[in-house]
Amino acid sequence: YLSKKINLKKMFTKEMSFKYLVRLSIRLKRFPIFLVPATTFDRLANQLHFFVFSSVFGPTVVGAMGMYRNAINLPIRVIGNAFRDVYKREISELLKQDKDCRQVFLKTVLSLFLIGSPIALILFIYAPDIFVLILGKQWLLAGEVASILSLNFLLGFCVSPLTAILDLKYNQKISFLINIGFFIVLTIGMIIGSILNDFNQAIRIYAFVFCLKYIFQFFISYNLTKVK
């Protein structure tokens with residue numbers, strides 16, 4: 001899709017001029033202007049709870065969150081990234097032809113849901129027992145975290161690969177607005193959780209904010225699959 005918009009072949013011909021390069025830089029200015037800050041805020045948001053939980057609730061809670069992330073989130077992301085690569089390749093071809101991408105979008109999200117929903121259900125019901133059985137009683141809290149965040153896991157697993165269309169359709173500004181809004185709301189939520197000084201409330205606020213982000217991303221991404 002980008003090669004179509006940028007016309008890379010022209011860049012390497014004698015027709016390329018300074019005026020063309022200026023026009024190209026203006027068209028692509030959104031990448032450094034929006035993509036870099038968007039990525040920065042996304043990284044900050046994904047690390048924010050570690051700083052808050054460590055200062056308010058101590059290293060035990062942070063260790064439980066880290067164990068959940070390493071044992072559940074990161075390995076499963078490998079599957080999600082594989083789907084993302086296939087999905088991105090398919091919709092890129094459709095966008096080059098100005099075709100509707102909704103069928104590919106819905107097929108991908110359905111496939112991800114069918115894979116992720118049984119895992120999320122197992123985590124919701126059995127995560128504490130599984131963590132204790134495999135890792136020991138000291139990781140019971142990590143299992144409880146995995147149970148609370150099971151819906152987040154499912155939404156993230158289904159939605160994250162679909163957001164590739166934000167990059168393919170020159171919508172870095174939308175990504176930036178989503179990520180900065182998410183960071184602000186999550187910061188407010190973490191402040192509230194700290195004031196309450198209750199880890200169960202704090203982790204539920206954290207889960208709720210992430211769910212809102214995924215739902216918002218889903219509808220934005222779906223809307224972009226339509227041919228206007």
Taken to the nearest 0.5 Å, the spacing of R102 CZ from K107 NZ works out to 16.0 Å
Within the 3.5 Å criterion, strictly below it, is a donor on R84 or T108 matched to an acceptor on the partner's side chain? no
Ignoring hydrogens, what is the shortest heavy-atom contact between N197 and V56? Give both atom names and the distance. OD1-CG1, 3.6 Å
Does the side chain of F57 come within less than 4.5 Å of V62's, by heavy atoms? no
What's the shortest heavy-atom distance between L149 and A207, and which atoms? CD2-CB, 3.6 Å
Do F105 and L162 have side-chain heavy atoms sitting under 4.5 Å apart? yes
For S160 and F157, indicate whether the former's side chain and the latter's backbone hold a donor-acceptor pair under 3.5 Å. no
Cluster check Y214, I115: I/L/V/M/F/W/Y, side chain < 4.5 angstrom: yes
How far does CD1 of I220 sit from CD1 of I215, to the nearest 0.5 angstrom? 13.0 Å
When you group the ILVMFWY residues by side-chain heavy-atom contacts below 4.5 Å and let the links chain together, are I148 and F210 in the same group? yes
Do the side chain of T225 and the main chain of C101 share a donor and acceptor less than 3.5 angstrom apart? no
Would a distance-only check, ignoring hydrogens and angles, find a side-chain to backbone donor-acceptor pair under 3.5 Å from N223 to F219? no
Working to the nearest 0.5 angstrom, can you tell me the gap between N152 CG and L123 CG? 11.5 Å
E93 atom CD, over 12 foreign heavy atoms within 6.0 Å: yes
For F218, does the CZ atom sit with more than 12 other heavy atoms under 6.0 Å from it, leaving out its own atoms? yes
Do you know the tightest heavy-atom contact between I203 and N200? CG2-O, 3.2 Å
Heavy-atom check, side chain of Y68 versus side chain of F153, under 4.5 Å: yes
CD1-CG distance between I91 and L224, expressed to the nearest 0.5 angstrom: 9.5 Å
Would I191 and I184 show up in the same hydrophobic cluster when neighbours are defined by side-chain heavy atoms closer than 4.5 Å? no
Between atom OG of S150 and atom CG of L121, what is the distance when rounded to the nearest 0.5 Å? 8.5 Å
Quick one: closest heavy-atom pair of P161 and Y87, and the distance? O-CD2, 3.4 Å
Hydrophobic cluster identity match, V61 and F51, side-chain contacts under 4.5 Å: no
Output for pair (L112 CG, I79 CD1), nearest 0.5 Å, gives 9.5 Å
Residue pair L94 / D100, side-chain heavy-atom distance below 4.5 Å: no
Take V132 and W139 through the test side-chain contact (heavy atoms from CB on, under 4.5 Å) and record every step on the way to the result. CA-CA 6 Å; V132 169; W139 294 111; over 6 Å; no
Derivation of the side-chain contact (heavy atoms from CB on, under 4.5 Å) call for F131 and L141: CA-CA 9 Å; F131 272 71; L141 182 58; over 6 Å; no
May I have the step-by-step check of side-chain contact (heavy atoms from CB on, under 4.5 Å) for S221 and V159, ending in yes or no? CA-CA 9 Å; S221 298; V159 174; 5.7 Å; no
Closest approach of I205 to G193 (non-hydrogen atoms, all atoms of both residues): CD1-N, 4.1 Å
Validation row: K213, N179 side chains within 4.5 angstrom (heavy atoms): yes
All heavy atoms of A142 vs all of A64, minimum pair found to be CB-O, 3.6 Å
L212 side chain reached by F182 side chain, heavy atoms, under 4.5 Å: no
Report yes if some heavy atom in the side chain of V145 is under 4.5 Å from a heavy atom in the side chain of F199; otherwise report no. yes
When you group the ILVMFWY residues by side-chain heavy-atom contacts below 4.5 Å and let the links chain together, are L177 and I165 in the same group? yes
Evaluate the side-chain proximity of L106 to Y222: yes if any heavy-atom separation is below 4.5 Å, no if none is. yes
